[in-house]
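Here the structure is laid out as structure tokens; the discussion comes afterwards.
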Amino acid sequence: MKLNLSSGPIDTGDIPWEYIQGNVRNKNTGRQLPVRVAHLDGNRYQIWLSGQIYEVELASSGPKRAGADAAQSNERVVKSSMPGTILAVKVKKGEEVEAGQALIIMESMKMELTLGSPRAGKVARVLVHPGKMVELGATLLELEV
Amino acid sequence: MKKVLIANRGEIAVRVTRTLQQMGLTACALYSEVDQDALHVQLADEAYALGGTTSLESYLNQDKILQICQDHQIEAIHPGYGFLSENAAFARRCQQAGITFIGPNPDVIEAMGDKLNAKDAMVKAGVPVVPSFHPTRETSLEQYAEEAQKIGFPILVKAAAGGGGKGMRKVENLSDLNASLEAAQNEASKAFGDGRVFLEKYLAQPRHIEIQIFGDQHGNVVHLGERECSIQRRYQKVIEEAPSPAVSPELRKEMGETACKAARAIGYSNAGTMEFLLDESGQFYFLEVNTRLQVEHPITECVYDVDLVRAQILVAQGQPLPFQQADLQPRGWALECRLYAEDPGNHFMPCTGTLSVYEPPVGPGLRCDSGVQQGSLISVHYDPMLAKLIAFGHDREEARQRMVWALAHFPVLGLRHNLPYLKAVLEHPEFIEGKTHTHFLQQHTIDTGPVQVPKSGLVALAHFLQQQKPAQATATQATTPFQELGPWRLQ
């Protein structure tokens, strides 16, 4: 089978191992290793192989914008680094902020986390309010370009 | 006592259920809306809905819990740990309603719940405490500064009503004191509804050593040795062991007798834990009393061959302690690892999702206390601890080897978690040598191994994706009537 990984395509037919009921078996030596696979999120999968966990990403079928997104999020957008609840928003739209200044405080399970500004700038939009539940990676606040 | 309600969820509810059933008692579970399919509900003999999703709406809802007891002739409540386990007001309400609260009496819970109070009581009982300063409402910032300098930096600012590291700040020097006081007070008042804080000397590389105590209603108090819980991250315990590599039989006796003396002085009954810091010179300082069963109680159960939950129930029924001090000799070694749904690669952020693979290992000297099973949904609403893996053996190295093996034979997938991290800690040379202290995880780099998947793993991934495809295809087919005709149309 052709696997389209984000790191490049690979044909599993060329690999001297086969899958047999919860194990992979080496076609030459007969050695078996226990293996499990699960979907993690988006295009990402987890592979548990003989006690180690690996993450593998499939190439996305849509147009490539991952690079653009990453650059943008580093500079301009504050995203939640965990799923949870917004406790406080420390700044308002239009406010000038410094790099590292506390913008948003959120909580998940037992943890409290302060999200700081990625750089100095002006707050363009605040997309959340205290009490709002957010997913991992949700955009919480944007700075002006 | 015939019917016991477990006012908790997760692994501890499951663990208490098992002992209740073994004793021939009826185990009653509670569940919030999100927990209706949870493991603890499936295993209980009876289960009652609390409604709600947040802790406050569900497992902390005292009125609802007491009403359920009344409606279903429940005679006792086991509170587990967390939630209402150290809530004196709740214990008192149980008492008034004629329900046995399985734990110490409300006055003891109240007195020990306030860290300042607890410390004063310990000083009176002759227990050594860490040098500290307890302010009053009138204490000025200048006085704080003066007292902090007297104790000597670095110091800790701690919440009087605290726990779990909330409202706690390490202060390196005088210029950071005011900001840290303010931050700790804010956090404490939000978390506990009580913004009082105090100052305490910060010890450089202490071990966290705690003594398991047990009292009955007839004035008997025994100790079941120590547990070392030095492997912590942000004051949350991650790996525990019993006994401690740093505690000699003589020190165990001294700490144990000190703990018992203090427990007698405050009239302690049922299970409890006295936490101490042990410095490199062998001096120990009292930290706090936990008036409940601890998360890490199984390692004590292993080395002392006792069931602490069973003992809790017997004592709550008014029976004398089922063991005497002379019978309590530690045997072998036990380790516990806490499996958390937290991502070590992303600042230990909590992770949510479905546990699509979850296969706890079995083998010599292993025990796994799980609150989840394969298919469980892990939500943001509760503590991210999924399970505790316990390994025991003849000595520390045997227990450690068993734990390493167990962690390598425990597939957990569907979300990120700390299992690879736990294994790396257990394989760290300093851990192997028993050189543990409370700053271990801050000071050592924990390497979780290779990230590049071997090609054999990709073969399994290919198989997995192929298995998924037909299912997806069937799902789409069902949406159009032409496709519903299936292969006939194609022919």
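Values below: all heavy atoms of this structure, side chains included; hydrogens, waters and symmetry mates excluded. Treat the numbers as computed from the prediction; the structure is a model and nothing was measured. Chain naming here is simple, since letters A, B, ... match the order of the sequence lines and numbering starts at 1 in each.
- When each of B:Ser379, B:Pro411, B:Ser356 is checked for heavy-atom pairs under 4.5 Å with chain A, B:Pro411 comes out on top.
- Ranked by heavy-atom pairs shorter than 4.5 Å toward chain B, the options A:Leu40, A:Asn23, A:Val35 are led by A:Leu40.
- Scanning all heavy atoms of the two residues, the minimum distance from B:Pro454 to A:Tyr54 falls at CD-CZ, 3.5 Å.
- Contacts between A:Gln46 and chain B at a heavy-atom distance below 4.5 Å involve backbone atoms as well as side-chain atoms.
- Between A:Leu136 atom CG and B:Leu415 atom CG the span is 11.5 Å, to the nearest 0.5 Å.
- When all heavy atoms of A:Leu49 and B:Gly457 are compared, the pair lying nearest together is CD2-N, 4.0 Å.
- Only the side chain of B:Pro420 comes within contact range of chain A, with at least one heavy atom under 4.5 Å from a heavy atom of that chain.
- Put simply, of A:Asp14, A:Val24, A:Ile15, the one with the most heavy-atom pairs under 4.5 Å next to chain B is A:Ile15.
- Counting heavy-atom pairs closer than 4.5 Å to chain B, the top residue among A:Leu3, A:Leu5, A:Val37 is A:Val37.
- Residue B:Thr354 does not touch chain A at all, counting heavy-atom pairs closer than 4.5 Å.
- Interface remark: A:Arg44 contributes side-chain atoms only to the contact with chain B (heavy atom separation under 4.5 Å).
- Only the side chain of B:Glu359 comes within contact range of chain A, judged by heavy atoms closer than 4.5 Å.
- If you tally non-hydrogen atom pairs under 4.5 Å between each of B:His347, B:Lys190, B:Lys423 and chain A, the highest count goes to B:Lys190.
- Contacts between B:Val357 and chain A at a heavy-atom distance below 4.5 Å involve the side chain alone, from C-beta outward.
- Listed here is the closest heavy atom pair of B:Pro350 and A:Pro83: O-CD, 3.5 Å.
- Using a 4.5 Å cut-off between heavy atoms, B:Ser456 contacts chain A through both its backbone and its side chain.
- Atom NE2 of B:His417 sits about 3.5 Å away from atom CD1 of A:Ile53, to the nearest 0.5 Å.
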